[in-house]
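Worksheet: the structure to be examined is printed underneath.
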Amino acid sequence: MCSWVCPACNTANDADDSYCIECGCHKPAPSNNHCSNPNCKAYNVILSNPEQKHCGKCGAATTYGKEIESFS
Ligand SMILES: [Zn+2]
Ligand SMILES: [Zn+2]
């Protein structure tokens with residue numbers, strides 16, 4: 001059974017818990033945020049942080065980051 005780790009306090013929670021058992025923050029929504037650079041090894045890896053703006057592997061904007069850019 002896969003669990004999820006709270007982004008705020010790093011506590012491991014059960015997969016069917018909707019809130020962190022330690023700090024009560026909401027489970028992060030599943031996202032499709034990933035690196036937008038097709039040549040990056042992380043291109044097909046869904047990021048655990050749906051609001052991450054840049055790829056930590058190659059520095060390119062993530063799909064979420066591109067979305068933000070298109071608004072400004
Ligand atoms: Zn927490
Ligand atoms: Zn990348």
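Residue indices begin at 1 and follow the sequence shown. Whatever order the structure lists ligands and atoms in, that order sets their numbers, starting from 1.
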*Is a side-chain N or O of W4 found less than 3.5 angstrom from the main chain of D14, in a donor-acceptor match?*
yes

*With distance as the sole test, does N13 use its side chain to make a donor-acceptor pair with the main-chain N or O of C20 at under 3.5 Å?*
no

*Under 2.8 Å from the Zn ion (ligand 1), which protein N/O/S atoms are there?*
C6 SG, C9 SG, C20 SG, C23 SG

*asked:* Assess the residue pair T63 and N33 against the criterion (side chain to side chain donor-acceptor pair (under 3.5 Å)); give the C-alpha distance rounded to whole Å, side-chain angles, the decisive distance to 0.1 Å, and a yes or no.
replied: CA-CA 6 Å; T63 51; N33 192 24; 3.2 Å; yes

*asked:* With a 3.5 Å distance limit and no angle check, can you tell me whether T11 reaches the backbone of C6 through a side-chain donor-acceptor pair?
replied: no

*Spacing of S36 atom OG and K66 atom NZ [to the nearest 0.5 Å]*: 4.0 Å

Distance-only donor-acceptor pairs under 3.5 Å for side chains of residues 51-60, two or more places apart:
{"from": "Q52", "atom 1": "NE2", "to": "H54", "atom 2": "O", "distance (Å)": "2.8"}

*asked:* Restricting to under 2.8 Å, identify the protein N, O or S atoms around the Zn ion (ligand 2) as residue plus atom.
replied: C35 SG, C40 SG, C55 SG, C58 SG

*Residues two or more places apart in sequence or in another chain: which of them pass side-chain contact (heavy atoms from CB on, under 4.5 Å) with Y43?*
H34, P38

_Straight-line distance of I46 CD1 to C35 SG, nearest 0.5 Å_ = 11.0 Å

*Where do K27 and A15 come nearest, in terms of heavy atoms and distance?*
NZ-O, 2.7 Å

